Protein chains: 2
Amino acid sequence: MTVTLADVAARAGVSAATVSRVLNGNYPVADSTRERVLRAVDELEYVVNGPARALAAATSDLVGVLVNDIADPFFGILAGAAQTEIARGAGPSGTPAPAGSGTPSGHPGGKLAVVCNTGGSPAAELTYLTLLQRQRAAGVILTGGAVEGTEHTAAVADRLARLAAQGTRIVLCGRPGVEAESIPRARPEEAPTRGAGVFGASGGAPASWPGARRPRTPAPRGGEPVPGPVTLAFDNRGGAYALTAHLLALGHRRIGYAAGPVDRTTTRERLEGHRAALAAHGVDPAGRPTAHGPYERGYGCRAAVELLARDPGLTAVVAANDTIALGVCAALRERGLRVPEDVSVAGFDDLPFSVDAAPALTTVRLPLHEAGAWAGRLVMGAEAPPPGDRALVEAALTVRASTAPPRG
Amino acid sequence: MTVTLADVAARAGVSAATVSRVLNGNYPVADSTRERVLRAVDELEYVVNGPARALAAATSDLVGVLVNDIADPFFGILAGAAQTEIARGAGPSGTPAPAGSGTPSGHPGGKLAVVCNTGGSPAAELTYLTLLQRQRAAGVILTGGAVEGTEHTAAVADRLARLAAQGTRIVLCGRPGVEAESIPRARPEEAPTRGAGVFGASGGAPASWPGARRPRTPAPRGGEPVPGPVTLAFDNRGGAYALTAHLLALGHRRIGYAAGPVDRTTTRERLEGHRAALAAHGVDPAGRPTAHGPYERGYGCRAAVELLARDPGLTAVVAANDTIALGVCAALRERGLRVPEDVSVAGFDDLPFSVDAAPALTTVRLPLHEAGAWAGRLVMGAEAPPPGDRALVEAALTVRASTAPPRG
DNA sequence: CTGTTAGCGCATTCAT
DNA sequence: ATGAATGCGCTAACAG
């Protein structure tokens with residue numbers, strides 16, 4: 001039925017082993033032989049059997065990319081950039097892919113990126129991790145904020161440890177990386193970090209990080225040195241700080257905050273940055289209204305109403321992300337309030353549509369494409385991890401038309 | 001190193017075959033035995049080896065979902081909905097997943113949806129199809145418009161045929177399904193279509209197919225009748241017609257069209273619908289300006305400028321999709337033209353952000369979520385295909401604030 | 001109902 | 001440089 005390695009071998013007049021060697025290119029093969037084999041592959045339109053290959057080689061060419069919401073461009077951009085790098089398939093030290101790569105022949109180079117939509121559900125996250133473990137995935141990228149709560153963090157850390165032990169490369173992108181700290185490291189003697197790598201446009205925002213903790217018990221596995229997880233954290237705190245500082249500089253004091261879902265690392269970090277800026281400018285954060293809800297437009301609408309109810313004199317609203325900010329704008333408009341004349345509004349992420357909103361949204365730009373591509377290269381082992389296996393992706397304040405000085 | 005089936009068998013005091021049987025649940029096993037096995041699985045934290053399973057069973061639990069642009073919510077919504085259904089894992093006749101499903105145990109039910117980003121490139125599309133074929137994917141969903149051109153259409157049809165022959169279920173979602181027509185059908189005597197199924201707003205309740213299903217039989221090995229591809233086509237033509245008719249009814253005659261990328265089925269269909277409406281109302285399509293470009297905001301801006309240059313008296317611009325429409329609005333605003341007072345603008349798709357644009361966009365709503373979920377169910381074999389293996393997903397005109405009667 | 005016996009298709013030692 | 005075995009972990013026929 002389907003053509004196998006043996007068929008190709010027969011056609012080329014060689015052994016199956018030789019065909020395998022030609023296809024994988026990890027072994028010396030006479031040029032003439034290689035050519036004959038490749039021709040046979042082509043003529044028979046042979047396509048390797050992935051599962052068989054994975055079974056024999058104990059490693060598949062699948063790479064998982066977990067996202068919270070695939071319909072959200074935030075994750076789409078991240079995942080798309082990562083997938084491009086993963087499919088490009090440069091291995092360690094930029095090794096070009098094996099013979100026949102690029103062309104849809106027997107053994108194209110590059111790996112298959114599996115984008116998994118968790119919907120923000122911890123259970124789904126664990127399920128996908130298990131599914132990926134079961135496929136013996138070559139790597140896994142976890143994107144976006146994580147659900148906070150020790151039991152879930154521990155469960156994820158456990159699964160990641162299992163994956164790592166299995167040889168799966170792990171990259172945390174846009175996650176604070178708390179899970180990473182509980183994963184048994186391969187080289188526990190190396191200090192985890194401090195002065196970790198930094199990437200991005202240097203803003204002016206304070207990128208504060210609480211000291212990284214070491215794993216409790218250095219449990220060196222019996223096997224070979226497994227690479228530890230790499231963390232690409234977003235500077236949510238710094239970005240939020242800069243954004244709120246911008247509003248304060250404009251003269252705003254009565255600022256409301258439309259936060260993201262509760263118990264999410266991203267939510268907490270952004271809120272912390274916001275409050276830190278408030279406090280630094282003599283505004284008591286406790287006296288300011290805050291709402292919580294999902295990263296959706298509808299919640300933004302509700303949040304605006306709620307915040308306004310708690311402080312009718314609000315002159316500015318900071319939203320946890322651009323999507324929420326758009327909802328806030330809509331609700332404000334509906335109540336006859338102009339943006340930014342009556343109320344200033346700001347978002348976070350700088351997604352493509354934000355510049356098109358009316359007025360164009362003041363926000364904090366995250367280099368999502370770059371970060372996703374970086375994560376992709378890291379998970380492929382195409383690039384050396386940053387010092388301390390951790391880097392901070394900086395956020396850049398982007399001032400547009402939705403913020404202005406308060407009236408009067 | 002990693003725990004295998006044999007380990008579990010030993011722990012439970014049974015044979016490997018028995019463990020396999022309880023895990024797959026397709027075979028009678030004594031309750032007491034099953035319980036012991038499950039306990040062993042749990043204690044050992046056993047996780048099946050996907051590749052090995054796929055090799056032995058000649059079918060993997062991967063399902064591919066090809067999209068043109070993962071960063072575009074259009075595809076994100078489609079893919080997310082499909083993935084949810086695929087992960088749910090109801091097999092034929094809604095069979096609940098096997099033992100231990102849901103929990104991150106040995107063998108969770110459901111399959112792994114692989115979202116592949118082709119970037120609209122025919123080459124990438126073929127590469128992914130090959131990759132999926134190599135993984136012996138259980139199914140493949142192709143979404144979005146296809147590149148037109150006989151050679152590529154033929155190449156895709158060829159790959160799909162190969163996949164189908166291998167037992168991979170194929171679903172075309174949002175594609176006209178030209179490829180399907182060139183794929184060797186299993187039952188060629190059946191007329192491909194005519195009076196095909198219809199799904200959509202105007203149809204009222206979502207169509208359901210209570211069709212009788214055969215009792216669970218082993219997968220057809222060998223030359224058994226392979227199910228042909230199923231096509232879920234979007235009514236791009238009808239939607240575009242309705243939209244332009246709306247503009248004409250408002251009194252517009254000088255209408256410009258910002259079309260999508262050339263040689264794309266979606267582009268062609270929407271343009272055809274637009275022109276048909278024009279012609280039906282006595283406006284010569286040939287006399288109206290049309291621009292072509294990618295589904296991006298930037299192109300929308302350029303298109304507005306170009307269309308205006310070709311007809312400064314334009315009173316309305318129809319865009320191929322919402323993203324382009326937003327760009328058009330931005331460019332218009334920049335030139336001091338108000339929407340809709342000076343120029344009306346309309347989009348297509350009704351993506352979530354369209355209602356937030358200022359003014360809210362008049363567009364054509366496509367039930368993306370429903371269509372994606374439907375495709376997911378079809379590819380899982382959880383639902384019988386529509387009659388003729390083809391259905392039309394209807395589009396609904398959604399009038400909002402960006403369109404109004406022309407001035408004067 | 002359950003154990004035994006064969007492979008699935010390929011990568012890898014070993015030989016040569 | 002190449003061919004001949006061996007086994008990866010699991011499922012599927014066959015017994016019993």
Side-chain angles (χ1 to χ4, degrees), chain A residues 1-10 12-37 40-41 44 46-61 98-99 106-107 133-136 138 166-167, chain B residues 1-37 40-41 44 46-61 98-99 106-107 133-136 138 166-167 216-222:
Chain A
M1 254 294 264
T2 65
V3 25
T4 76
L5 241 205
D7 298 329
V8 176
V14 298
S15 75
T18 300
V19 177
S20 172
R21 294 196 262 253
V22 169
L23 257 26
N24 292 302
N26 315 323
Y27 217 81
V29 175
D31 283 0
S32 62
T33 310
R34 178 200 324 286
E35 199 168 333
R36 247 182 323 142
V37 169
V41 164
L44 265 39
Y46 168 71
V47 173
V48 248
N49 182 316
R53 191 183 132 81
L55 177 57
T59 170
S60 86
D61 50 1
H107 190 164
Q133 175 184 352
R134 165 163 137 198
Q135 294 298 333
R136 303 303 188 256
Q166 171 190 292
Chain B
M1 253 275 274
T2 67
V3 27
T4 77
L5 239 204
D7 298 329
V8 176
R11 187 91 153 88
V14 297
S15 74
T18 300
V19 177
S20 171
R21 292 196 264 252
V22 328
L23 255 27
N24 291 303
N26 317 324
Y27 223 83
V29 175
D31 283 359
S32 63
T33 311
R34 178 201 323 288
E35 198 168 334
R36 248 182 321 142
V37 169
V41 165
L44 266 39
Y46 169 71
V47 173
V48 246
N49 182 315
R53 189 182 132 81
L55 177 57
T59 168
S60 86
D61 50 1
H107 188 165
Q133 176 184 352
R134 164 166 139 196
Q135 295 297 334
R136 304 304 189 255
Q166 171 192 291
R216 215 172 183 323
T217 38
R221 290 275 236 159

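Small disclaimer: the values here were computed from a predicted structure and weren't measured. What's counted below: heavy atoms across the whole structure, side chains too, no hydrogens, waters or symmetry copies. First the proteins, then the strands, lettered A, B, ... as listed; each starts at 1.
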What integer distance in Å separates [X]:[atom1] from [N]:[atom2]?
X: B:Tyr27; N: D:dC10; atom1: OH; atom2: C1'; answer: 16 Å
X: A:Arg21; N: C:dC14; atom1: CZ; atom2: C1'; answer: 11 Å
X: B:Leu23; N: D:dC10; atom1: CG; atom2: P; answer: 9 Å
X: B:Gln135; N: C:dC10; atom1: CD; atom2: P; answer: 12 Å
X: B:Asn49; N: C:dC10; atom1: CG; atom2: P; answer: 16 Å
X: A:Leu55; N: C:dC10; atom1: CG; atom2: P; answer: 11 Å
X: B:Arg53; N: C:dC8; atom1: CZ; atom2: C1'; answer: 14 Å
X: A:Asn26; N: C:dT13; atom1: CG; atom2: P; answer: 12 Å

*Of B:Val14 and A:Ala57, whose closest DNA chain C nucleotide lies nearer the 5' terminus?*
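Of the two residues, B:Val14 wins.
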_Upstream residue (5' side of DNA chain C) when B:Ala52 and B:Gly13 are each assigned their closest nucleotide_ =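 So the residue in question is B:Gly13.
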*asked:* Within the structure provided, determine whether A:Gln133 and B:Thr2 are in side-chain contact (heavy-atom separation under 4.5 Å).
replied: no
*asked:* In the structure I gave you, are the side-chain heavy atoms of B:Arg11 and B:Val3 within less than 4.5 Å of one another anywhere?
replied: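 They are not in contact (no side-chain heavy atoms under 4.5 Å apart), so the answer is no.
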*Taking A:Arg36 for its side chain and A:Ala12 for its backbone only, find out whether a donor-acceptor pair lies under 3.5 Å.*
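Yes: the side chain of A:Arg36 pairs with the backbone of A:Ala12.
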Rounded to the nearest 0.5 Å, what separation is found between the [atom1] atom of [X] and the [atom2] atom of [Y]?
X: A:Arg134; Y: A:Gln166; atom1: CZ; atom2: CD; result: 12.5 Å
X: B:Asn49; Y: A:Leu55; atom1: CG; atom2: CG; result: 6.0 Å
X: B:Arg21; Y: B:Ser15; atom1: CZ; atom2: OG; result: 6.0 Å
X: A:Asn24; Y: A:Arg53; atom1: CG; atom2: CZ; result: 5.0 Å
X: A:Arg34; Y: A:Leu23; atom1: CZ; atom2: CG; result: 10.5 Å

*asked:* Could you spell out the base pairing of DNA chain D as a dot-bracket line? Use Watson-Crick and G-U wobble contacts where both distances are under 3.5 Å, [ ] for crossing pairs, | for partners on a different strand.
replied: ||||||||||||||||
Nearest to the side chain of [X], which nucleotide is it out of [options]?
X: A:Asn24; options: C:dT2, D:dG3, C:dA11; result: C:dA11
X: B:Ala17; options: D:dG9, D:dT11, D:dA12; result: D:dA12
X: A:Leu5; options: C:dT2, C:dA11, C:dG7; result: C:dA11

Heavy atoms under 4.0 Å, any strand shown: does [X] hit a base, just sugar-phosphate, or nothing?
X: A:Ser20; value: base
X: A:Val19; value: nothing
X: A:Ala58; value: nothing

*If only side-chain N and O atoms of A:Thr33 are considered, is one of them under 4.0 Å from the OP1 or OP2 phosphate oxygen of D:dA1?*
no
*Indicate whether OP1 or OP2 belonging to C:dG3 is found under 4.0 Å from a side-chain N or O atom of B:Thr18.*
yes
*Side-chain-base donor-acceptor pair under 3.5 Å for A:Arg136 and D:dG9*: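 Flag unset: no donor-acceptor pair detected.
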